[in-house]
Chemist: 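Got a structure for you, questions after.
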Amino acid sequence: MRASGPGEGSGLLVVVSGPSGVGKGTVVDAAMARRTQSARRIRRSISVTTRRPRSGEEEGVHYFFRTAGQFASMARRGELLEHAEYLGHRYGTPRLWVDRQLAEGYDVVLEIEVKGAMQVRKRRPDAVLIYMVPPSWQALRRRLAGRRSEPKEVQEERLKVAREERVFLDRYDYVIVNDRVSRAASTLLAILTAERARVSRRDIKRLIEWEKNG
Ligand code: 5GP
């Protein structure tokens with residue numbers, strides 16, 4: 001077993017980043033749907049944010065919507081595994097919930113931006129960092145425009161952030177091109193399977209026990 005990492009029975013902590021509009025949520029949904037029958041189910045972390053809900057977004061389903069003051073006290077009390085500002089709003093991952101799910105053996109996915117991802121990398125070196133990219137820049141533009149949930153200026157700002165975030169790509173472990181949701185979901189699940197097979201995540205003693213018996 002890894003000295004610093006979680007035990008073999010615990011789940012994988014998985015970060016999925018990528019430009020706004022790339023389809024992180026859709027791909028994670030598809031991967032989760034394929035694992036509903038499995039003992040290794042995937043859970044998605046629900047973040048805390050100070051931004052206002054978009055139409056159709058629900059408290060406790062998409063986000064926990066909090067005031068700036070409430071967010072600041074959570075951060076101060078160390079209740080967030082990571083937190084960052086994105087276009088004037090704060091976003092963070094509740095630590096306790098994530099740790100409980102991991103301990104129960106669930107793989108936990110955090111869909112977070114790059115600054116938060118870098119904090120996770122530091123604090124949890126065993127986390128798996130995945131960056132999702134669109135097949136092309138034009139495709140991303142089209143997807144953001146199709147979302148229609150935000151005014152044009154906000155879409156432009158999000159594209160600008162996406163351009164800036166790209167330089168962080170080499171700090172990630174894996175990249176997934178989201179050209180087709182089903183294919184991207186298969187790649188995500190393949191990454192999780194491979195990560196679980198890593199020697200560094202396994203209890204080596206137990207794996208080589210047959211030597212003693214044979
Ligand atoms: P949106 O406003 O579109 O829901 O999210 C904006 C950005 O914040 C996205 O890149 C999203 O992945 C990221 N985000 C959502 N939750 C968190 C979080 O808990 N922490 C961090 N660092 N980023 C988050």
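When a ligand or atom number is given, it counts from 1 through the structure's own listing order. The structure presented is a predicted model; accordingly, all values stated were derived computationally and were not measured.
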Chemist: Can you tell me how far the CG atom of L129 sits from the CE atom of M118, to the nearest 0.5 Å?
Modeler: 5.5 Å
Chemist: Please state whether H83 comes within less than 4.0 angstrom of ligand 1, counting heavy atoms only.
Modeler: no
Chemist: For ligand 1, which is the ligand I care about here, please tell me if V48 has any N or O atom under 3.5 Å from one of the ligand's N or O atoms.
Modeler: no
Chemist: Which atoms of ligand 1 have any heavy atom of K24 under 4.0 Å away?
Modeler: 10 (O), 12 (O)
Chemist: Give the numbers and elements of all ligand 1 atoms closer than 4.0 Å to a heavy atom of R51.
Modeler: 1 (P), 2 (O), 4 (O)
Chemist: Just which atoms of ligand 1 are under 4.0 Å from any heavy atom in A84?
Modeler: 22 (N)
Chemist: With atoms numbered from 1 as shown, which atoms in ligand 1 lie under 4.0 angstrom from a non-hydrogen atom of I112?
Modeler: 12 (O), 14 (N), 17 (C), 18 (C), 19 (O), 20 (N), 21 (C), 22 (N), 23 (N), 24 (C)
Chemist: Roughly how far, to the nearest 0.5 Å, is the OG1 atom of T50 from the CZ atom of F65?
Modeler: 10.5 Å
Chemist: Applying salt bridge (charged side-chain N to carboxylate O under 4.0 Å, His left out) to R198 and E195, what does each step give before you reach the verdict?
Modeler: CA-CA 5 Å; R198 264 189 198 277; E195 279 294 325; 3.0 Å; yes
Chemist: Looking only at heavy atoms, is any part of Y86 under 4.0 Å from ligand 1, and if so is it the side chain, the backbone, or both, or is it neither?
Modeler: side chain
Chemist: List ligand 1 atoms under 4.0 Å from G116, heavy atoms only on the residue side.
Modeler: 22 (N)
Chemist: Check R123 with E82, please: is the shortest side-chain N to carboxylate O separation under 4.0 Å?
Modeler: no
Chemist: Can you tell me which residue and heavy atom of the protein come closest to atom 19 (O) of ligand 1, and the distance to 0.1 Å?
Modeler: S47 OG, 2.6 Å
Chemist: How far is atom 15 (C) of ligand 1 from its nearest protein heavy atom, and which residue and atom name does that atom have?
Modeler: Y63 OH, 3.2 Å
Chemist: For R124, is there an ion pair with D99 - N to carboxylate O distance below 4.0 angstrom?
Modeler: yes
Chemist: If you measure from CD on E111 to CD1 on I46, what distance do you get to the nearest 0.5 Å?
Modeler: 10.5 Å
Chemist: Could you tell me which residues satisfy salt bridge (charged side-chain N to carboxylate O under 4.0 Å, His left out) with R51, sequence neighbours excluded, listed by chain and number?
Modeler: E57
Chemist: Not counting sequence neighbours, which residues clear salt bridge (charged side-chain N to carboxylate O under 4.0 Å, His left out) with E165? List them please.
Modeler: none
Chemist: Considering only heavy atoms, does Q119 approach ligand 1 within less than 4.0 Å through its side chain, its backbone, both, or neither?
Modeler: neither
Chemist: Closer than 4.0 angstrom: is that true for some heavy atom of H62 and an atom of ligand 1?
Modeler: no
Chemist: Pull out every atom of ligand 1 sitting under 4.0 Å from any heavy atom of T93, numbered as shown with elements.
Modeler: 19 (O)
Chemist: If I take atom CD1 from residue I130 and atom CG from residue D173, how far apart are they, to the nearest 0.5 angstrom?
Modeler: 8.0 Å
Chemist: Ignoring angles and geometry beyond distance, decide whether S20 reaches within less than 3.5 Å of ligand 1 through its nitrogen or oxygen atoms.
Modeler: no
Chemist: Side chain or backbone of E113 under 4.0 Å from ligand 1, or both, or neither, by non-hydrogen atoms?
Modeler: both
Chemist: Is K115 near ligand 1, meaning one of its heavy atoms is under 4.0 Å from it?
Modeler: no
Chemist: At what distance, to the nearest 0.5 angstrom, does CG of L140 lie from CZ of R163?
Modeler: 9.5 Å
Chemist: Cation-pi check, R90 to F71: give yes when NZ or CZ is under 6.0 Å from the six-membered ring centre and within 45° of the ring axis, no otherwise.
Modeler: no
Chemist: Heavy-atom distances under 4.0 Å decide this one: backbone, side chain, both or neither, for H89 against ligand 1?
Modeler: neither
Chemist: What protein heavy atom lies closest to atom 20 (N) of ligand 1? Include the residue and the distance to one decimal.
Modeler: E82 OE2, 2.8 Å
Chemist: Short N/O distance, under 3.5 Å, between E57 and ligand 1?
Modeler: no
Chemist: Please state which protein non-hydrogen atom is closest to atom 11 (C) of ligand 1 and give its distance, to 0.1 Å?
Modeler: E111 O, 3.9 Å
Chemist: Between K160 and E156, is the closest basic N to carboxylate O distance under 4.0 Å?
Modeler: no
